Each structure stands twice: as structure tokens, then as C-alpha cells.
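Model, not experiment: these values are computed from the prediction. By convention here, the first residue in the shown sequence is residue 1.
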Amino acid sequence: MQLKSFTVQHRASRNGFRSSTRPTSLSAPLWIRARSSQQQFAAPAFHVGNRAGCPAPLKAVKTDAQAEQMDTAMLRLIADVSKQVDEAVAATVFSNNEAARRVEFSPNSELRQRVVASIQKLAKGLLERDVEVRLLLLAALCCEHLLLLGPPGTAKSELSARLSSLCGGTYFERLLTRFSVPEELFGPLSMKGLENDLYVRQINGYLPTAEVAFVDEIFKANSAILNALLTLLNERLFDNGNQRLHAPLLCLVGASNEMPESEELDALYDRFLIRRTVSQVSNNQLYKLARLAAGRNDHALSGIAVANGNGNGNGGEVSQQQQQQQQPVLAMEDFRGTALAAYSSVDVPDSVIDLLTGLRNHLQDKCEPPMYVSDRRFMKAVRMLQVAAYADGRDQVNEYDCLLLEHVFGNRPDDGVKVRQQVLDMLAADPGLQQTEMILLGLFGRACRLLEGPEDAAELAAASAEVAQLVDLLTSRHVALATNLEGNGFPELRATLWQAEASVASAVQSLVPQMTENRKKVEDLLREAHTLAAVLRAPSATAPLLERLLPKRFKQYQKGISSKA
């Protein structure tokens, strides 16, 4: 019994228990009790949980105490860094959001004012023709042509006649049939010319001398008409006998109830830079249409919503007082000179060029069926965006101008929807975020290596400078996103003259969800960048500190090291 009692106590001592939990039997010999007592006092010197039962050095107790002190210091440092980061990010987000709510994008110029007045004059008394009016005016400013597809009786010819009245140009209008002859467009043959063996036409009052023209059912043109028409539309030249004459044509509006059916009409179809499908007035607007037919000059029919210049949305209807002020409208000199002025003074930034090239590649390579975009059409589209920006009072094309390309790219009427959706997807996406995240991960790995090795003040300073640049980059990106998402949002898009109010509302509804998610990602990356900057500034920073503050990045860093090994 005495030996068994000692054995139990000895095991308890070896397992790290205090000897008082298993008292030594009083019946044991004195030397056994003495030894047990010595073991009781010597027990703290053993390494707790040592499976081998070997005694550890006495300094283990000090090591545990130091580790506990280090953990306390680490927790205190983590709390300090986290507080600094939270305050910095919160201040940045708050200041950016507040500044975004005060942003006013209000481009202005005399030309823009005349464009606004011209849009309102062209649209007066027309229902649901906001988009068509803007496209017609833009086509004329670009000295390009507009194709309107849709059923009869939808004000297609009325628009072209109003454009001629606006600019004071010579007007020509004709309806083609399958039996139309060239004389209907280009004038009859000259009898006196035939007497002198000259094959010339009397072109006065016909298409070769017109400045604004409307040709209905244009795809009924036969091959005898096409050859002369193609040169006239593209080069503004007309061959009259042995003479090549310059045609003063500013804009031709073509209309058709159907798409071209034969391949020989593809070249004619491509001559129209801007294409638009015109629909009937919707059912909810039939009341106004009836009032208009009855001659009632309701205020709702006096004009259309046009950007009011304050950058916070498309303004409301035109007031009677503004109408009475007789705002100046565009003149023929404006139509003739705007395009050249725009090409020389409006810049196309790299972001817009990237969007254009990405859009064309997507349409031709990834769409089914593919949408072919000719080089000529692509170049003209770029110039059209320059004219749109110049007439809008800007010296640079912005990415939202590319929404106009739904009326430029595509071969069928329903292609415009696909083009618009792709542009919206590209506007909402932010490929730079992924690149920024990779930069952050690279800087994180560099910081870990610096903190693990011997202290190098120069390298730490260089790394801190790069992290500061990353913080500035993320801050600027957050500013851009906040500008679009705070307040009325999207001031550049809302201030443009070339997007109707309904089109702006639809685009905003599509862009907001993805941009909101992008802003959350930017804020997360900004928090990580501020954390990295704070750790590099801390005098007692270590790699484990980074591991605790940014565990996700540390795992990625370790995974990268393992893959390289």
C-alpha cells in the first residue's frame, strides 16, 4: 500500500499536477515523504506536458512570461494600427462622398447653347422623338447621314424637313420605287447637251445641288441609281457628263420600312453612319397625340427635356418665357465648321480608345452572329464622338459618349440593344481593380520579406513610398465612383445633350449595382493599403503583425512562396 501510494503521487508529479491533490500516505517511510516533498517543490521546474518526462531548463518559465508580454504588446499594437486604419479610411470615404455630392458638371459654350435651342425647336410638337431629334442634329453636325427604319407615318420626313428649315439649306425629297430612274434623283438629261454630243443632266433643284435631302424607301434604289448615289453620299461628288462636280450635301435622311435584302445594297447601308429604328407613339402618349391633332398648344408639347447645364440631370420642359426669348439656333456655318473644329480641339483619352477597341473585338469575335464593323465605320465613329463632345462644350470625349454607338455599330435593328448592353457592361466593369489588387499583393510580399530580414531603412522607406502611391491611386478611384453614386449621380452622363432622359435613367439603373460593388472593393483595398502603410511605419513591426492584421494576404503570400519552391 505504501509503494502504491508513492507510485500514484510520482505519476501525478510527472504529469504536472500539484502533489497536494494526491497526498503522500503518512504510512510511507520518512525518506519517501521527504523525496515526495522535494518533488512537490521541484515540480514547477519540469516542462508541463513533456511526454518524455524530461526536465526542461529553468528559463522556460521566463520564456513563457516573455511570450505573454509579447502577446500583450502585439495585441496593443494591433489595436493601435487598426484604430489608425479605421480613422484614415473613414475620413477618406466621408470626405470623398461629401465632395461628390457637391460636384457640378456644367460644360458650356455658345455652340452648346445653340444646340440646346435647336434640339428644342426641332422637337416642338413631336411626341417621343427625343432620340431621333438628337441623332439627326448630331449627324448633320458630323456631315454624315441618318437612316430611319420604321413604318410609315412616324414623322421621318417631317424631321428632315425641319432640319432644312433650321439651317436654311436647299431641300430635296423623293420617294423611290423599284421602277425609279436616275432622272428622279439626279435630274433629266439636257436636250441642248445632247445636241452638242454631251451627256449631261439638268441638276438644279435635284439631289446633286441639295444641302438637306430625304429619300424614302431608299433601299428600292436599283443599280442604275446606286453607282452615282454611293459616290454622292461618301465623297460628296457627282459625275455630270465629263465633269466631276462637288455636291453641297450636308445630310441625307434615308427612310425604309425594311432592311436591305440584296448584297449590292450593303455598301449603301454602310454609308449611313447613324441608324435608328422609329416606332409608333406609345399607348400612354395617345392622349397627347390627340390633343396635338386637335391643335391644342399644351405646355407638355412645347419642347423636350434637355440637359440644363447644372450637371445634376436632364432639365425639365422648356418654359414659355425661354421660348419667347428666341434663343439663337444653329446656322449653316455651324454645321459646316463644327466637325473640323472638333477634330482639331477634342482629345480622345486612352480609356475611351480601350473601350472602343474592346467593343469592336467583342462584337466581331464573341457575338453570335458576329457584328462586322468596317474600318471606315470605326474611324467615323471616333470622329462622331469628338463632334458630340465639342458640341457639348467639352474638350475631351468621355466614356459615356460611347453609349451613342448603339446607333452606329450593328447590322440589324436588334443589334443596337446588344451594343448598348456591352457598352454598359464595359463601363461598369473595372479591370484596373484586379491589377491594383495584384500590386497590393506584391507590396505585401515585399513588406513581409523586409520585416523578416535585417532592418534596412532605405528599403523600408522605398516600400512605404510605393504603398503611399497605391493609397493615392485607390483614393482617386474612390472619388470617381463616389461622384457617380452620391447625390444625383453620374453628372457627366446627365449633363450630355445627346442622351434622352429615358436613356439616361435606363443607363443609370444598369450601372449602379456593379459600381456599388466596385466601390466596396476599392474601400476594402484602401483599408488593406492603409494597414500595410501603418505597419511599415511602426518601429516594432514584424511579419507576424502583418499575418494577424491581413491573414488573407498572408496566406496568398505563403501560397506564392510554396508554388515557387
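E87 meets the side-chain hydrogen bond (donor to acceptor under 3.5 Å, both in side chains) test with no other residue; sequence neighbours excluded. By the side chain to side chain contact (heavy atoms under 4.5 Å, CB included) test, I439 is found to be paired with L443, L470, residues two or more places apart in sequence or in another chain being considered.
Here K288 does not pair with E128 in a salt bridge; the nearest charged N to carboxylate O distance is not below 4.0 Å. Here K521 pairs with E517 in a salt bridge; the nearest charged N to carboxylate O distance falls below 4.0 Å. R519 and D430 are not joined by a salt bridge, as no carboxylate oxygen comes within less than 4.0 angstrom of a charged side-chain nitrogen. Of the charged side-chain nitrogens involved, at least one lies within less than 4.0 Å of a carboxylate oxygen, so that D524 and K520 count as a salt-bridged pair. One finds no salt bridge joining K418 and E368 here, because no Lys/Arg side-chain nitrogen approaches an Asp/Glu carboxylate oxygen to under 4.0 Å. Salt bridge K83/D86: absent, no basic N to carboxylate O contact under 4.0 Å. Ion pairing between E466 and R446 holds under the 4.0 Å rule for side-chain N and carboxylate O.
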**Message:** Please evaluate residues S165 and Y171 with respect to the criterion side-chain hydrogen bond (donor to acceptor under 3.5 Å, both in side chains), reporting the C-alpha separation (whole Å), side-chain torsions for both, the decisive distance (0.1 Å), and the verdict.
**Reply:** CA-CA 9 Å; S165 175; Y171 183 63; over 6 Å; no
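Using a 4.5 Å cut-off on side-chain heavy atoms (C-beta onward), T154 and V281 make no contact. You'll find the side chain of T483 reaches within 4.5 Å of the side chain of V479, heavy atoms only. Looking at V352 and D401, their side chains never come closer than 4.5 Å, going by heavy atoms from C-beta outward. The shortest side-chain heavy-atom distance between W498 and V115 falls under the 4.5 Å cut-off. Side-chain atoms of C167 and V212, non-hydrogen and from C-beta on, do get closer than 4.5 Å to each other. Contact of the C143 side chain with the R236 side chain is registered, since non-hydrogen atoms from C-beta on lie closer than 4.5 Å. Using a 4.5 Å cut-off on side-chain heavy atoms (C-beta onward), P491 and E104 make no contact.
Seen from the ring of Y269, R275 counts as a face-on cation partner, given the 6.0 Å and 45° thresholds.
Not one N or O on the side chain of H530 forms a donor-acceptor pair closer than 3.5 Å with the backbone of V85. Remark: side-chain polar atoms of R553 are not paired, donor with acceptor, to backbone N or O of E528 under 3.5 angstrom. Remark: side-chain polar atoms of S506 are not paired, donor with acceptor, to backbone N or O of A502 under 3.5 angstrom. Of the possible donor and acceptor atoms, none in the side chain of Q514 sits under 3.5 Å from a partner among the backbone N and O of D425. A donor-acceptor pair is defined here as one N or O able to donate and one able to accept, closer than 3.5 Å; no such pair exists between the side chain of T170 and the backbone of E211. Judged purely by atom type and a 3.5 angstrom limit, K156 has no side-chain atom pairing as donor or acceptor with the backbone of G254. Counting only distance, with no hydrogens or angles, the side chain of D334 and the backbone of A331 share a donor-acceptor pair below 3.5 Å. The backbone N or O of L135 lies less than 3.5 Å from no partner atom in the side chain of R276, so there is not a single donor-acceptor pair. In this structure a side-chain-to-backbone donor-acceptor pair under 3.5 Å is present from S476 to L473. No side-chain donor-acceptor contact under 3.5 Å links D392 to the backbone of R394.
Note that CG of L137 is 11.0 Å distant from CG of L146, once rounded to the nearest 0.5 Å. Atom-to-atom distance recorded for I218:CD1 and L149:CG is 11.0 Å, nearest 0.5 angstrom. Atom OG of S374 and atom CD of Q364 lie 9.0 Å apart (nearest 0.5 Å).
No more than 12 heavy atoms of other residues, nucleotides or ligands lie within 6.0 Å of CD in Q434, so this atom counts as exposed by the packing criterion. Environment of CD in E263: sparse, with no more than 12 heavy atoms of neighbouring residues, nucleotides or ligands closer than 6.0 Å. More than 12 heavy atoms of other residues, nucleotides or ligands shown are found within 6.0 angstrom of CG on N108. Heavy-atom neighbours of E235 CD from other residues, nucleotides or ligands within 6.0 Å: above the threshold of 12.
Side-chain contact of S503 with R420: a donor-acceptor pair under 3.5 Å is present, judged by distance alone. Y372 and D266 form no side-chain donor-acceptor contact under 3.5 Å, judged by distance and modelled atom types alone.
The aromatic rings of F378 and F409 sit parallel to each other, their planes meeting at less than 30°, with 60° as the upper class boundary.
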Can you list, pair by pair, the side-chain donor-acceptor contacts under 3.5 Å of residues 381-391, counting residues two or more places apart and other chains?
{"residue": "Q386", "atom": "NE2", "partner": "V346", "partner atom": "O", "Å": "3.0"}

